[in-house]
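Please read the structure below before turning to the comments.
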2 protein chains.
Amino acid sequence: MIDKEAADLLSQARDEFVAQWGAMGNAWGINRTMAQIHALLMTSDRPLTTDEVMADLKISRGNAHQNLRELTGWGLVRSVIRKGERKEYFEAEKDVWRMFCIVARERKRREIEPALKALKACDEQTRSLRGEKAVAFNRQIRALLEFVGQADSVLDRVSRSEGSSILPLLLKMLTKSKN
Amino acid sequence: MIDKEAADLLSQARDEFVAQWGAMGNAWGINRTMAQIHALLMTSDRPLTTDEVMADLKISRGNAHQNLRELTGWGLVRSVIRKGERKEYFEAEKDVWRMFCIVARERKRREIEPALKALKACDEQTRSLRGEKAVAFNRQIRALLEFVGQADSVLDRVSRSEGSSILPLLLKMLTKSKN
DNA sequence: TGATATTTTCAGTATTTATTGAAAATATGA
DNA sequence: TCATATTTTCAATAAATACTGAAAATATCA
């Protein structure tokens, strides 16, 4: 009975985690179901099949399939084939630092870089324009460009650095330099 | 005629910027129209009225109103009242670093902190559970918790630091330490 | 090869989110 | 106070996004 209770508590906690991770993904522009599947796989002690994901989250095959593919596309999930079995299994990258690096790189590639490119074009189109308004506009665009470019570089460097030890290190430095 | 052409080029560039900023906001979980209004005000040489925003973006009064309020709520936009005029004007924070700090703090408060709280609850609920599965689950949750907590702290420190000079500084340090 | 298991696709539908537009509320000036 | 300008609200509607389920395609085994 104790075991059963413990298992209940565990699966309850896991359900809450899955829901919370889904909500968070949602707020940051990531499909809720995708984030939930990710949470599920991240906290699974073994690879799961599409059917298991369907059953666990109570979603359709199509939905499970599409989102598993998308997660695979991000590189957050790998498909595993077991010899002697037809079914395809899925497992998540569990190392939190590697997870972060994957997400950082992908969002950089998919969203920041195109935005940077557009800002650059905008800068070039107005750089040589005369008139107070044009000059002010170009100045603002360049300020944005500089900032986004720097943020992009920082993200790049951090996500390329080896260990996750970079984060505590950064923290220490920031603590020293300020208050 | 040259002036007219220059003005056309400018407003064309600005339209593109507004569209791009809207798309980027959208990808990061921010209402497209809200991001567009922000882009518009950010690149305006003077405060604008609700009617001007409506006309420029071709959106309804209700839509303009709601999103201007929301931007005000974020602290990215201020309302300006001119003496002798009934209309309310709106102007954006134009300093890019301050903009970043505002967004960082707000997203921290609205999304990261609740997630952290939920993760902590999840940790506590499973910390004392026995069994291989429960232990593995708790370990994973704690790894996430540690990471999100550290990222949160870094964001906090960076966004509290005075000048925008912190970013180039970080960059320099990261360049030295790696490759 | 045929039987069976599994994956993929996608038109149709549901759900969520964003927008409109007009009525109600509020503020201002005469 | 009344007339007018302006802001606010919100039910109705539109648009965007996500999901379903079943048919088609593909893979595997005997």
Side-chain angles (χ1 to χ4, degrees), chain A residues 18-41 47-74 77-91 110-111, chain B residues 18-41 47-74 76-91 107 110-111:
Chain A
V18 168
Q20 185 64 30
W21 204 247
M24 206 183 146
N26 197 234
W28 289 84
I30 284 156
N31 178 312
R32 182 185 262 107
T33 303
M34 191 171 132
Q36 287 179 338
I37 295 178
H38 182 226
L40 195 69
L41 291 175
L48 301 181
T49 65
T50 302
D51 290 77
E52 285 172 313
V53 171
M54 286 166 61
D56 211 311
L57 299 179
K58 284 149 181 59
I59 59 178
S60 72
R61 181 173 304 284
N63 196 9
H65 176 78
Q66 297 271 37
N67 284 294
L68 280 166
R69 286 292 154 230
E70 187 129 351
L71 282 165
T72 306
W74 275 72
V77 163
R78 284 178 292 275
S79 108
V80 178
I81 26 170
R82 292 178 175 171
K83 52 188 174 185
E85 280 208 65
R86 288 198 190 178
K87 276 198 176 69
E88 189 176 14
Y89 286 76
F90 298 92
E91 68 178 3
R110 298 177 191 209
E111 290 137 20
Chain B
V18 168
Q20 186 64 29
W21 204 247
M24 207 182 143
N26 196 235
W28 287 84
I30 284 155
N31 177 312
R32 182 185 262 106
T33 302
M34 189 172 135
Q36 287 179 338
I37 296 178
H38 181 228
L40 196 69
L41 291 175
L48 302 179
T49 65
T50 302
D51 290 77
E52 287 173 312
V53 170
M54 284 166 65
D56 211 312
L57 298 180
K58 285 149 181 58
I59 58 176
S60 73
R61 181 173 304 284
N63 196 7
H65 176 79
Q66 296 271 36
N67 283 293
L68 280 165
R69 287 290 155 231
E70 186 130 349
L71 281 164
T72 306
W74 275 71
L76 289 169
V77 162
R78 285 178 291 275
S79 108
V80 177
I81 25 170
R82 292 176 174 173
K83 51 187 170 185
E85 282 208 66
R86 288 199 189 177
K87 276 198 174 68
E88 188 177 14
Y89 287 76
F90 298 92
E91 68 177 6
R107 290 208 89 144
R110 298 177 191 209
E111 288 137 21

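We name chains A, B, ... by the order of the sequence lines, and we start the count at 1 in each one.
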| message | Students often get this wrong, so: under 4.0 angstrom with heavy atoms, is B:Arg32 touching a base, only sugar-phosphate, or nothing? | response |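 Nothing, no heavy atom under 4.0 Å.
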Write down the distance between [atom1] ([X]) and [atom2] ([N]), rounded to a whole number of angstrom.
{"X": "A:Arg61", "N": "C:dT9", "atom1": "CZ", "atom2": "P", "value": "14 Å"}
{"X": "B:Lys87", "N": "D:dT4", "atom1": "NZ", "atom2": "P", "value": "16 Å"}
{"X": "B:Ile81", "N": "D:dA5", "atom1": "CD1", "atom2": "C1'", "value": "16 Å"}
{"X": "A:Ile30", "N": "D:dT17", "atom1": "CD1", "atom2": "C1'", "value": "15 Å"}
{"X": "A:Ile37", "N": "D:dC19", "atom1": "CD1", "atom2": "C1'", "value": "12 Å"}

Are [X] and [N] close enough that a side-chain N or O sits under 4.0 Å from OP1 or OP2?
{"X": "A:Asn63", "N": "D:dT20", "answer": "yes"}
{"X": "A:His65", "N": "C:dT8", "answer": "yes"}
{"X": "B:Thr33", "N": "C:dT19", "answer": "yes"}

| task | Between A:Asn26 and A:Glu88, just flag the one whose closest nucleotide in DNA chain C comes earlier from the 5' side. | result | A:Glu88
| task | May I ask you to establish whether B:Arg82 and B:Tyr89 are in a cation-pi arrangement, using a distance under 6.0 Å from NZ or CZ to the six-membered ring centre and at most 45° from the ring axis? | result | yes
| field | NZ or CZ of B:Arg110 within 45° of B:Trp74 ring axis and under 6.0 Å | value | yes
| Between D:dA18, C:dT19, D:dT7, which nucleotide has the shortest distance from any of its atoms to the side chain of B:Arg69? | D:dT7
| task | Look up atom CG in B:Leu48 and atom CD in B:Glu88, then write down how far apart they are to the nearest 0.5 Å. | result | 12.5 Å
| Once you round to the nearest 0.5 Å, how far does CH2 of A:Trp21 lie from CD of A:Gln36? |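 Output value for this atom pair is 12.5 Å.
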| request: Find which nucleotide of DNA chain D each of A:Glu85 and A:Gly62 is nearest to by heavy atoms, and output the residue with the more 5' nucleotide. | output: A:Gly62
| said: Please compare B:Gln66 and A:Ile59 by the position of their nearest nucleotide in DNA chain D and report the one closer to 5'. | reply: B:Gln66
| task | Establish whether the base of D:dT28 is bridged to the side chain of A:Arg86 by a donor-acceptor pair shorter than 3.5 Å. | result | yes
